[in-house]
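The structure appears below as C-alpha cells.
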Amino acid sequence: SFSFILNFTNICFLFFSTSSKGLIRGDFPLKSIRVSFPVNTSKEFKTKFPKYDVRCGDIMHLPKDFKNHDVVLSYGVVEHFQDGVSRPLKQMYQDLSTSGIAIVTVPLLSVFRKIKYLIYEGRKWDKNKYIYCPEFYENGEFYLYWLTKKQFKKELNQAGFKIVRHSYTMLECGVLEALNHKNIPGHFIWRDNKRHFHFTFFGKILYLMMRCMPWCFAHMQLYVCRKN
C-alpha cells in the first residue's frame with residue numbers, strides 16, 4: 001500500500017543518516033533519489049506531495065534528465081521482468097551516480113517456499129534456477145521470480161554492485177502465506193470483508209515463534225548496495 005511504501009522508505013533513509021527524517025519531509029541531504037513503485041502509487045504520491053518531481057516511465061529507458069541518482073529505492077520491481085532480474089539491475093547500476101546507493105527488495109525463495117514448491121510441483125527445487133511463478137490477470141500475464149539470498153547476491157555482484165547489508169523483510173506477510181492453506185485449521189488467521197488476512201490470538205502467538213526464523217518464512221529480502 002501507499003502508506004507501507006512511505007514507512008519503508010523512511011526506514012531505509014534512517015540507515016544512511018540518523019539526523020534525516022526521510023524523503024517525505026524533504027530534509028534528506030542527497031540531491032537525487034529515485035523510488036520505483038507502481039503507476040497508481042506514483043499518481044497518489046504526486047497528488048499528496050506535488051513539490052516532488054514524480055514521473056511514470058520505463059526504468060529501462062529513463063530520460064537523460066532523470067538519471068545519475070544518488071539513491072535508488074526499488075521495492076519489488078526487478079523480479080517482474082519477463083527475462084529475470086539481471087537486465088534491470090544492470091540498468092539501475094548505470095543510472096546511479098558515482099558511489100551511489102541502491103536499496104532493492106525481491107521475494108525470498110525461503111525454506112518454506114522450497115517445501116511448498118516440492119509439494120505443489122512434485123519435484124525438488126533446482127538450486128541453479130530461480131522459481132518462476134506465472135499468474136494471469138485481466139491485463140495479461142504477470143511475471144514473478146523468487147530468489148534465494150545467495151542467488152540475489154550473485155545477481156547484484158554481476159551487475160557491479162558492492163553489498164553493504166542484507167535483511168529479511170515483510171515477515172508477517174510470509175507467515176500469513178504459510179498459514180493460509182486449506183490443510184491448516186482456521187484457528188490462526190481470519191479474513192475480513194476486503195479479503196485481507198489477520199492473525200487470531202493463537203496466530204499471533206505462533207507468529208512470535210515463527211519470526212525467530214526469518215530465513216524460513218520471510219516474504220521479501222532487502223539488499224543495500226553501493227556502486228563501485
Side-chain angles (χ1 to χ4, degrees), residues 1 4-5 8 12 34-42 56-62 72-96 101-178 180-181 213-225 227:
S1 68
F4 165 76
I5 289 177
F8 197 13
C12 291
R34 189 182 91 201
V35 184
S36 298
F37 41 48
V39 173
N40 290 339
T41 306
S42 301
C56 297
D58 184 351
I59 64 172
M60 297 302 299
H61 303 93
L62 293 175
V72 170
L73 306 178
S74 178
Y75 301 149
V77 175
V78 298
E79 73 273 13
H80 295 299
F81 280 75
Q82 181 176 0
D83 53 352
V85 303
S86 300
R87 198 162 54 92
L89 287 177
K90 290 177 180 177
Q91 185 63 49
M92 186 184 302
Y93 184 87
Q94 293 177 12
D95 291 343
L96 275 171
I101 291 289
I103 302 176
V104 193
T105 70
V106 297
L108 173 68
L109 180 50
S110 61
V111 174
F112 162 71
R113 282 175 169 159
K114 291 178 185 178
I115 295 174
K116 187 169 72 170
Y117 179 78
L118 176 62
I119 294 173
Y120 289 163
E121 298 293 330
R123 54 195 175 94
K124 189 177 179 181
W125 164 71
D126 184 347
K127 67 179 181 179
N128 296 315
K129 296 181 180 179
Y130 309 146
I131 289 184
Y132 165 55
C133 310
E135 298 180 26
F136 294 87
Y137 293 92
E138 294 179 0
N139 60 344
E141 190 168 357
F142 175 81
Y143 298 95
L144 172 64
Y145 290 86
W146 291 344
L147 292 84
T148 65
K149 175 182 176 182
K150 184 177 181 180
Q151 285 175 332
F152 194 34
K153 180 180 179 180
K154 180 179 179 181
E155 289 287 353
L156 290 166
N157 287 332
Q158 289 179 343
F161 286 107
K162 177 183 178 181
I163 306 300
V164 177
R165 180 179 295 184
H166 173 270
S167 177
Y168 298 104
T169 66
M170 297 185 68
L171 181 59
E172 183 174 338
C173 292
V175 174
L176 284 170
E177 177 190 347
N180 179 30
H181 192 274
M213 300 179 287
W215 62 89
C216 191
F217 295 105
H219 173 49
M220 303 288 284
Q221 58 180 320
L222 177 149
Y223 267 104
V224 180
C225 319
K227 183 173 182 177

- Which heavy atom of Met220 sits nearest a heavy atom of Gly76, and at what distance? CE-CA, 4.0 Å
- His219 side-chain N/O to Leu171 backbone N/O, donor-acceptor pair under 3.5 Å: no
- Message: Is there a side-chain contact between Tyr168 and Lys149 in this structure, where contact means two heavy atoms from C-beta onward sitting under 4.5 Å apart?
- Response: yes
- Message: For the CG atom of Leu147 and the CG atom of Leu108, what is their distance to the nearest 0.5 Å?
- Response: 9.0 Å
- Donor-acceptor contact below 3.5 Å, side chain Thr105 vs main chain Leu222: no
- Task: Rounded to the nearest 0.5 Å, what's the gap from CG on Asp83 to OH on Tyr143? Could you check?
- Result: 9.5 Å
- Message: For Ser167, give me all partners under side chain to side chain donor-acceptor pair (under 3.5 Å), at least two apart in sequence or on another chain.
- Response: none
- Query: Checking side chain to side chain contact (heavy atoms under 4.5 Å, CB included) against Pro107, which of Gln221, Arg113, His80 comes through?
  - Reply: Arg113
- Note on the structure: Distance col, row Tyr145:OH vs Gln82:CD, nearest 0.5 angstrom, shows 7.0 Å
- Message: Checking Phe81 against Ile59 for the side-chain contact (heavy atoms from CB on, under 4.5 Å) test, could you report, in this order, the C-alpha distance in whole Å, the side-chain angles of both residues, the deciding distance, and whether it holds?
- Response: CA-CA 11 Å; Phe81 280 75; Ile59 64 172; 3.6 Å; yes
- Task: State, to 0.1 Å, how close Ala102 and Phe161 come at their nearest heavy-atom pair, and which atoms those are.
- Result: CB-CE2, 3.8 Å
- Distance in Å, Lys150 NZ paired with His166 NE2, rounded so as to fall on 0.5 Å steps: 13.5 Å
- Query: Side chains of Val104 and Phe152: does their closest heavy-atom pair fall under 4.5 Å?
  - Reply: yes
- Using atom types as modelled and distance alone, determine if a side-chain donor or acceptor of Glu79 lies under 3.5 Å from a backbone N or O of Val77. yes
- Message: Does any part of the side chain of Leu109, heavy atoms only, come nearer than 4.5 Å to the side chain of Lys114, both counted from C-beta?
- Response: yes
- Message: Can you list everything that forms a side-chain contact (heavy atoms from CB on, under 4.5 Å) with Ile163? Sequence neighbours excluded, please.
- Response: Lys153, Leu156, Asn157, Tyr223, Cys225
- Considering all heavy atoms of both residues, which atom of Ser86 and which atom of Glu155 are nearest to each other, and what is their separation? OG-OE1, 2.6 Å
